[in-house]
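This report refers to the structure that appears directly beneath it.
Ligands are counted one by one from 1 in listed order, and the atoms in each one are counted from 1 as well. Keep in mind that this is a model prediction, so the values were computed, not measured.
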Amino acid sequence: MTPINEMLSTATAERYRQVVRATVDRTADRFAQVDRPTTDTPAAELRRRVRAIDLDAPPIGTDRAMAEVDDLFVREAVWFHDPASMAHLNCPVALPAVAAEAVLAAVNPSVDTWDQSRIGTEMERHVVDWVASRIGFVAGDGIFTSGGSQSNLQALLLAREAMTANTSTSTIPTPPPTVFATAESHFSVRKSARLLGLPDDAVVDVATDDAGRMLPTALATAIAAARAAGRTPMAVVATGGTTDRGVIDPLEPIADVCDLEDVWLHVDAAYGCGLLVSPTRRHLLAGIERARSVTADFHKSFFQPVSSSALVVRDPADLARASWHADYLNPEDATEPNQVDKSLQTTRRFDALKLWATLRASGAQAIGRAFDAVIDLAEQTHALVAAHDDLVLVAPTQLSTVLFRWQPAGVSDAEADALVGPLRAALLAEGRVLIAKTVIDGRPCNKLTLLNPDTTIEQVERSLAHVVATAADLRAAGAVPTGATGATGATR
Ligand SMILES: *Cc1c(COP(=O)(O)O)cnc(C)c1O
């Protein structure tokens with residue numbers, strides 16, 4: 001055995017086949033046995049097992065190392081395809097994409113310069129053009145990113161650069177430029193503003209309606225107020241499917257305001273992008289083609305493995321605002337289309353291959369139908385929760401989330417609120433049903449994010465029965481002191 005154990009090369013092609021086959025066999029066996037989202041191994045025990053391994057110990061060889069990975073990690077994994085896995089926006093993944101991921105791991109391309117990827121660059125561009133046309137951009141462009149957070153950051157960087165383009169420096173003007181979003185928008189909008197050197201008050205929360213959607217009239221008022229205070233509007237971030245309520249800001253009237261005010265409109269469709277291929281709900285994103293930039297997370301509603309996201313722009317020239325000159329990347333060679341010119345990253349995964357494989361294998365309609373299925377399931381679950389004696393439906397949602405609280409008759413608001421966190425924690429410790437918690441209108445509540453198109457309403461019903469039983473047990477066991485003062489928005 002060589003000192004650096006084993007390398008994948010022409011000489012080791014057979015060994016590669018053997019190692020990956022054995023690894024895939026073990027993982028497939030695990031998949032075949034999954035009957036719960038995760039195990040009940042205590043957190044302290046997980047940490048102990050990991051720390052017990054000395055990374056400087058004598059090496060054990062590939063076969064034993066991979067058997068150890070199976071025993072240590074895969075056995076304890078969180079399985080997002082399990083019907084009771086409803087805590088986060090992690091989706092079950094399309095098989096062709098998983099197979100494409102295996103190709104990526106072995107070939108290990110980087111789509112930064114053309115000479116490192118050649119046809120890979122062409123394929124990424126073709127996929128991006130396809131996404132742009134689904135959005136409705138006539139001649140758009142874009143780039144794959146590591147996720148919605150990075151896509152949002154890049155969008156706001158481009159908007160800031162566009163704003164300062166006519167000035168001689170790229171320094172941030174005082175008073176600082178203003179970004180308009182809502183309190184329901186993703187936290188990465190505020191984080192991005194901070195990364196871009198803007199003060200926290202540069203992001204203005206525009207008022208929403210009762211469902212959590214941006215009010216276009218309030219947007220117009222907020223922009224006018226900012227201008228009156230001497231501030232320049234930099235961007236409006238509309239959300240195409242908020243993370244909690246799954247509601248879609250009214251894109252057409254927001255675009256009207258942005259056109260009138262000449263402000264960059266970014267649509268964060270990280271969650272809702274699956275609607276782009278939905279056979280029945282595409283209209284929910286009507287107006288998205290009027291955005292100047294769009295975030296789409298294929299690792300949320302296109303059933304792609306992490307990571308797979310894109311930032312797509314209406315005007316290809318806008319992407320150039322992020323480009324930089326580096327001699328070793330041959331930037332002057334105009335015949336070679338270098339994706340690095342459009343990206344915040346340099347070395348970058350060829351994630352587009354996974355979406356390519358999925359589109360070729362199953363087609364866009366199948367993806368759209370799968371997203372439709374989870375939205376249908378959420379609608380059925382809303383009805384189930386609303387009719388349940390012990391559960392309260394906190395707010396209606398438009399995509400695939402369900403916001404609820406356990407609160408039978410006789411349980412005070414304060415008690416119910418105080419149980420939200422412990423309920424989630426108790427369920428996670430047990431590993432049979434995974435749910436989340438959040439805050440809506442200042443009160444904590446629990447949340448399901450449904451993303452498995454094969455989950456049935458009967459399975460959701462069984463999971464909810466377990467949630468209800470666990471909540472009742474917790475209360476009976478005195479997990480929450482009677483008359484507790486409920487936690488507030490501070491839990492977020
Ligand atoms: C999940 C999400 C993001 C962040 O995406 P990541 O891929 O997790 O970085 C941004 N915006 C919205 C609306 C989201 O739901």
Side-chain angles (χ1 to χ4, degrees), residues 78 80 86-91 93 97 131 135 142-157 159 179-196 203 205-206 208 211-214 235-251 254 265-276 284-285 288 291 293-312 343-345 348-349 351-352 354-355 371 374-375 378 397-403 436-440 447-451 492:
V78 178
F80 301 116
M86 304 178 288
H88 291 286
L89 267 164
N90 304 80
C91 52
V93 289
V131 177
I135 290 170
I143 193 78
F144 270 69
T145 71
S146 62
S149 303
Q150 194 190 40
S151 298
N152 285 346
L153 171 63
Q154 184 166 358
L156 290 179
L157 168 70
V179 176
F180 301 86
T182 69
E184 311 265 331
S185 66
H186 194 257
F187 72 87
S188 58
V189 173
R190 273 155 201 81
K191 196 166 156 184
S192 298
R194 189 179 285 189
L195 285 167
L196 292 171
V203 182
D205 280 348
V206 177
T208 59
R213 290 176 295 226
M214 185 185 283
V236 170
V237 179
T239 310
T242 56
T243 314
D244 278 344
R245 304 197 205 212
V247 291
I248 294 144
D249 289 334
L251 301 179
I254 290 172
L265 172 59
H266 174 65
V267 175
D268 178 1
Y271 177 15
C273 60
L275 297 173
L276 291 172
L284 293 176
L285 289 179
I288 193 171
S293 56
V294 171
T295 288
D297 259 8
F298 311 113
H299 60 218
K300 283 179 180 168
S301 50
F302 272 65
F303 306 97
Q304 296 295 295
V306 176
S307 359
S308 184
S309 176
L311 173 70
V312 187
S343 175
L344 299 187
Q345 294 167 257
R348 192 166 52 85
R349 292 168 51 84
D351 287 316
K354 296 179 288 189
L355 182 51
F371 195 47
V374 296
I375 303 174
T397 63
Q398 239 177 322
L399 297 181
S400 66
T401 55
V402 180
L403 298 162
K437 69 174 168 56
T438 188
V439 176
I440 297 292
K447 167 177 154 180
L448 311 179
T449 303
L450 303 171
L451 280 174
R492 188 154 187 164

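- Donor-acceptor pairing under 3.5 Å is recorded for the side chains of H266 and T295.
- Residue pairs meeting the salt bridge (Lys or Arg N to Asp or Glu O under 4.0 Å) criterion with at least one partner in residues 297-310, sequence neighbours excluded, are D297-K300.
- Applying the side chain to side chain donor-acceptor pair (under 3.5 Å) criterion to R348, with sequence neighbours excluded, gives E124.
- Note: I440 CD1 to D244 CG = 4.5 Å, rounded to the nearest 0.5 Å.
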Output block, N or O contacts of ligand 1, threshold 3.5 Å exclusive:
unit_1: ligand 1; atom_1: 5 (O); unit_2: G148; atom_2: N; d: 3.2
unit_1: ligand 1; atom_1: 5 (O); unit_2: D297; atom_2: OD2; d: 3.1
unit_1: ligand 1; atom_1: 5 (O); unit_2: K300; atom_2: NZ; d: 3.4
unit_1: ligand 1; atom_1: 7 (O); unit_2: G148; atom_2: N; d: 2.8
unit_1: ligand 1; atom_1: 7 (O); unit_2: D297; atom_2: OD2; d: 2.7
unit_1: ligand 1; atom_1: 7 (O); unit_2: H299; atom_2: NE2; d: 2.8
unit_1: ligand 1; atom_1: 9 (O); unit_2: G148; atom_2: N; d: 3.2
unit_1: ligand 1; atom_1: 9 (O); unit_2: S149; atom_2: N; d: 2.8
unit_1: ligand 1; atom_1: 9 (O); unit_2: S149; atom_2: OG; d: 2.7
unit_1: ligand 1; atom_1: 11 (N); unit_2: D268; atom_2: OD1; d: 3.2
unit_1: ligand 1; atom_1: 11 (N); unit_2: D268; atom_2: OD2; d: 2.6
unit_1: ligand 1; atom_1: 15 (O); unit_2: T243; atom_2: OG1; d: 3.0
unit_1: ligand 1; atom_1: 15 (O); unit_2: K300; atom_2: NZ; d: 3.0

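- In this structure, CZ in F302 is found 5.5 Å from CG in L276, a value given to the nearest 0.5 Å.
- With sequence neighbours left out, D268 forms a side chain to side chain donor-acceptor pair (under 3.5 Å) with N152.
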